[in-house]
Amino acid sequence: MEVKGEIYRVSGPVVIATGIRPKMYDVVKVGHEGLMGEVIKIEGDKSTIQVYEDTSGIEPGEPVENTGLPLSVELGPGLLESIYDGIQRPLQVLQDKMGDFIARGATANGIDREKQWEFKPIVNKGDKVEPGDIIGIVQETPNLEHQIMVPPNIQGGTVSGIYSGKFTVDETVCVLSNGKELSMLQKWPVRTPRPTKRKLKPNRPLLTGQRILDGMFPVAKGGTAAIPGPFGSGKTVTQQQLAKWSDTDIVVYIGCGERGNEMADVLDEFPELEDPKAGRPLMERTVLIANTSNMPVAAREASVYTGVTISEYYRDMGYDVALMADSTSRWAEAMREISSRLEEMPGEEGYPAYLAARLSEFYERAGYVKSNSGYDGSITVIGAVSPPGGDFSEPVTQNTLRIVKVFWALDAKLSQRRHFPAINWLTSYSLYTESLSDWLSENVAPDWIDLRNYAMDILEEESELQEIVQLVGSDALPESQQLKLEVARMFREYFLQQNAFHEIDRYCPFYKQYKLVQAIHKFSETANSKLEAGYSINDIMAMESKDELAKVRYEEDFDGELNKVLSKMDDEFSQIGG
Amino acid sequence: MTKEYKTITQISGPLIFLEKTEPVGYGELVQINTEDGSTKRGQVLDTSEDTVVVQVFEGTGGLNDSAGVVFTGETIKLPVSKDMLGRILSGSGEPLDEGPHIVPDKRLDINGAAMNPYSRRPPEEFIQTGISTIDGTNTLVRGQKLPIFSGSGLPHNEIALQIARQSSVLGSEEEFAVVFAAMGITHEESQTFMDDFEKTGALERAVVFLNHADDPAVERMITPRMALTAAEYLAYEHDMHVLVILTDMTNYAEALRQMGAAREEVPGRQGYPGYMYTDLASLYERAGVIKGRKGSVTQIPILTMPGDDITHPIPDLSGYITEGQIVVSRELHRKGIYPPINVLPSLSRLMGSGIGGGKTRDDHKKVSDQLYAGYAEGRDLRGLVAIVGKEALSERDRKFLEFADHFEDRFVRQGRDENRSVEDTLNISWDILSELPIKQLTRIDDKIIEKYHPAKQTTSESEYQPQEQEVSGEQ
């Protein structure tokens, strides 16, 4: 299978080799050190290889070896709690092998071969199994049952041997009548989506505990969302909030071409924090992929595929997976860099012409599906986009917006005022509000949709009124409009703003969100009727309870404090009346 | 090994093309012997069995096809030793002062290697720079990369020098060093830096790399890499805390573009190469702290934004990689305020982990948020006043308007040698915040207000009374 050739040319991460006769996307080992690379172009006897590691010092004439296999990830128990680079090498193992700096030429298995797992079969001898069927269970973490499935790429058959007990991932746990031996480990090529039975309509929201996301612009489980924003507007904080508080079973977080210190932060913090759903350390449900901006660019290009393939594997077991990609722009830039080394004809802004196709292929791997194992699972993909200069008209943002259904627009102006999360409520949108409305009326409150629309209307109106205020000052407005401005301010400051670093405020369950909006709505309605009855706006503006409402979300005893404020509000209103 | 090739077939800009060589490694260092006996150095950019492309650091002036080319068989390395401290070197690492050559302890590849994210320790040690707009609202921590975004003619160099002079870590006596890399700056500018280093005795604990405006642009490609290699050596082999100042990154990026054009690459935005993000990241990401090692590398890159445009590719890509930015404002500079740092577009991403109780003070975060919010509001109101006049403002708005003025005048403005402790910075903050009605301090919770608000300090009430009168007098 392995064919040897030699290097003809080296230009940065692009190497041209002769004599290996590969298939497209075959993985090859380059040079004496065996650097990993992938075939991306074949022209006569010359194969172009993108190399995942630094190529300094590599000479023409050095050997090249074709493995004959496409770039694949290893799937099995032990994925959770791992931190990988873009091509699934565990960073911890690399540190043990090479120290604090990543030297090249190291290989490491994605999944530990030494560790033993307790395998509990759920099929018996003589049972018929098809690709995707579950043959047994491994307790991967205290809260997660890892389903061992028949790999989708082998033929099914009758079980002729099945073993229970402790095994390492590559030991045989099941034998089929057709002679196939199954272990807990499977490999899957990253650029090929794993098959499913069919796609389902996403109708359950991904609950994140973030008020502006859940309340105003929700994403469905199995949906797609994009967070574009200029630097410093809070993309990474928002992504990390989602990774921390989303009510999914699994979180796959890809740090794609971003900062090393940020990944260090995640590694430091995640084992300490509790997952709101299971009450266990967050790390136990997380797979991290860290290919920071100074790590090889070709591995950055691969990191997104590595992440989505791991997500698909857990989805196939029937779990809800949230995939965060921070940032897809860096991924697109990696494509651009490699494309330009290949001297391909550039499209818009130097990006390759296939940029749009790659982006849509990636986002299409999201979805709520009926998997081959028979369970329903989902992958929600949330991609950060880093548009140059914060200009949303650039190709990556535009091509992303054509595909995704939820748009959370980060705004530098808001972040400069320390309004966080700096998501602009006027330009953001969610196309799932309709399909989620049944779930929301049923599980939050029947009047939730109305309240939400009410809040959106007020905020919309505020932006129009602000234009007038800019010209004439707020005192020149009629009192009812002054009240509207005040209510909008309350929505902005008490509801939309959320402190990601406050112990209580960082996660706000839906019932609290509902009660907050309801309280502001109630204030607005009562105040309006007071104005209509001829009382002055100044009396209303002077109400203490109105300002005290701001602090309720920071309280441990949310309900108690809210009720106190509400009854004080009633008192104050009745005094205005009296 | 030392075979000399005389097979140059083409010379174009800073590049030479050779044919019929033995296999040559990518990135290898090259020596070029010219006809008149001088030598130049270069690096292999592209190597194949037919052609080798070499980028010449000193420029190709005076070269013709009879020049001899020797491949050294190794990538570019910097000889390092602790004796580098106090030395002034050229942009390619040759001594510029009268001193001897560095006797190397090690020879390190200037490209370094990527730090394993798993080995990184999250930066969290507060560095006190003595500048309120940095310490108070955009805190620098060890291992951070915090650039200064400036414009031509603004005092970014003074600010950088003041930071280098004053930086200290509270309650720490560890060894500290400065690595200074100048790329394409004028002799006049570098003289200012040198004079200051000598005057304050900082040169003893500094390593200086100078690539001047009249040095070849190609050399700028290696200057910052040399500087960072020296910094990493001092930090991780000698446990020193190293502050790296890189100035001016704009010149570096221009050199990058020039090289890209010479290689006839497909240009990205505004003609800068598509890989500029990756290239800049390979420099900036070399800041950090490693678990289990004492030293650290902190970076302050300086860049001048062409046309003061923060969306220009150079500041834009930098901002996406660095952990925040300090923005120098022409408007404040014109008003005569030093340091003219505009805090609104400035940001330190690592601030949260470097401040608070036990590090600086428990009110730090809230005070900073409130300053931001108040100043932002005050500045907006300035725009409104220009249209409707001050009279049309409400009492509350007038207070915010004044707050913005006082913020610039008392918090931002400080002397070039004024080294404010973080306590001082926070106390000044409270002084100006106390001019706002307490009810308007929505970013600060009651407990903190109770503890620090001057009006709540019953014990020291008399001390603050005169000030309150002064404020009401101004109205």
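Chain letters run A, B, ... following the sequence lines, proteins first, then strands; residues in each count from 1. Everything numeric in this text was worked out from a predicted model, so none of it was measured.
- Judged purely by atom type and a 3.5 angstrom limit, B:Y277 uses its side chain to pair as donor or acceptor with the backbone of A:G257.
- Using a 4.5 Å cut-off between heavy atoms, B:T322 touches chain A through its backbone atoms (N, CA, C, O) alone.
- With a 4.5 Å cut-off on non-hydrogen atoms, A:V469 touches chain B through its backbone but not through its side chain.
- Heavy-atom distances place no part of B:T51 under 4.5 Å from chain A, backbone and side chain included.
- Atom-to-atom distance recorded for A:D100:CG and B:I290:CD1 is 4.5 Å, nearest 0.5 angstrom.
- With sequence neighbours left out, the ring pair (Phe, Tyr, Trp, His ring centres under 6.0 Å) criterion links B:Y26 to no other residue.
- In this structure, the separation between CZ on B:R349 and CZ on A:R259 is 3.5 Å, given to the nearest 0.5 Å.
- With contacts defined as side-chain heavy-atom distances shorter than 4.5 Å, the pair A:K235/B:Y320 qualifies.
- Using modelled atom types and a 3.5 Å distance limit, the side chains of B:E323 and A:N261 yield a donor-acceptor pair.
- Taking B:A281, B:A114, B:G143 one by one and counting their heavy-atom pairs under 4.5 Å with chain A, the maximum is reached by B:A114.
- Only the side chain of B:Y236 comes within contact range of chain A, judged by heavy atoms closer than 4.5 Å.
- Contacts of B:I321 with chain A are made by both backbone and side-chain atoms, with heavy-atom separations under 4.5 Å.
- The CG atom of B:L347 sits 6.0 Å away from atom CZ of A:R418, with the distance rounded to the nearest 0.5 Å.
- Only the side chain of A:D547 comes within contact range of chain B, judged by heavy atoms closer than 4.5 Å.
- Top candidate by heavy-atom pairs under 4.5 Å with chain A, chosen from B:A113, B:G324, B:P117, is B:P117.
- In this view, A:H502 and A:N499, A:I504, A:D505, A:Y554 satisfy the side-chain contact (heavy atoms from CB on, under 4.5 Å) rule, not counting sequence neighbours.
- For the residue pair B:T278 and A:E333, no side-chain donor N or O sits within less than 3.5 Å of a side-chain acceptor on the partner.
- Only the side chain of A:T292 comes within contact range of chain B, with at least one heavy atom under 4.5 Å from a heavy atom of that chain.
- The contact between B:P315 and chain A is made entirely by backbone atoms, counting heavy-atom distances below 4.5 Å.
- Interface residue A:P387: backbone and side-chain heavy atoms are both found under 4.5 Å from chain B.
- Put simply, CD on A:E343 and CD on B:E265 are 9.5 Å apart, with the number rounded to the nearest 0.5 Å.
- A:E6 touches chain B through its side chain: at least one heavy atom from C-beta onward sits under 4.5 Å away, while N, CA, C and O do not.
- Heavy atoms closer than 4.5 Å to chain A are found in the side chain of B:L350, but not in its backbone.
- Of the atoms belonging to A:E59, heavy atoms from both backbone and side chain fall under 4.5 Å from chain B.
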Test salt bridge (Lys or Arg N to Asp or Glu O under 4.0 Å) applied to A:D268 and B:R121, step by step: CA-CA 8 Å; A:D268 201 46; B:R121 183 153 59 83; over 6 Å; no
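- Ranked by heavy-atom pairs under 4.5 Å with chain B, the first of A:M98, A:M263, A:R300 is A:R300.
- Both the backbone and the side chain of A:L94 come within contact range of chain B, with heavy atoms under 4.5 Å apart.
- Looking at A:R104, neither its backbone nor its side chain comes within 4.5 Å of chain B, counting heavy atoms on both sides.
- Both the backbone and the side chain of A:V10 come within less than 4.5 Å of a heavy atom in chain B.
- A salt bridge (charged side-chain N to carboxylate O under 4.0 Å, His left out) check over residues 7-16 of chain A, counting only residues at least two apart or in different chains, returns the pairs A:R9-B:D46.
- If you check the side chains of B:Y118 and A:Q92, you find a donor sitting under 3.5 Å from an acceptor.
- Looking at A:L288, there are no atoms closer than 4.5 Å to chain B (heavy atoms on both sides), in backbone or side chain.
- Interface remark: A:I102 contributes backbone and side-chain atoms alike to the contact with chain B (heavy atom separation under 4.5 Å).
- Of residues 377-385 of chain B, those residues with a non-hydrogen atom less than 4.5 Å from any non-hydrogen atom of chain A are, in numerical order, B:D380, B:L384.
- Heavy atoms closer than 4.5 Å to chain B are found in both the backbone and the side chain of A:P388.
- Taking CZ of A:F501 as the reference point, atom NZ of B:K365 lies at 7.0 Å (rounded to 0.5 Å).
- The line from CD of B:E285 to CD of A:E258 is 9.0 Å long, rounded to the nearest 0.5 Å.
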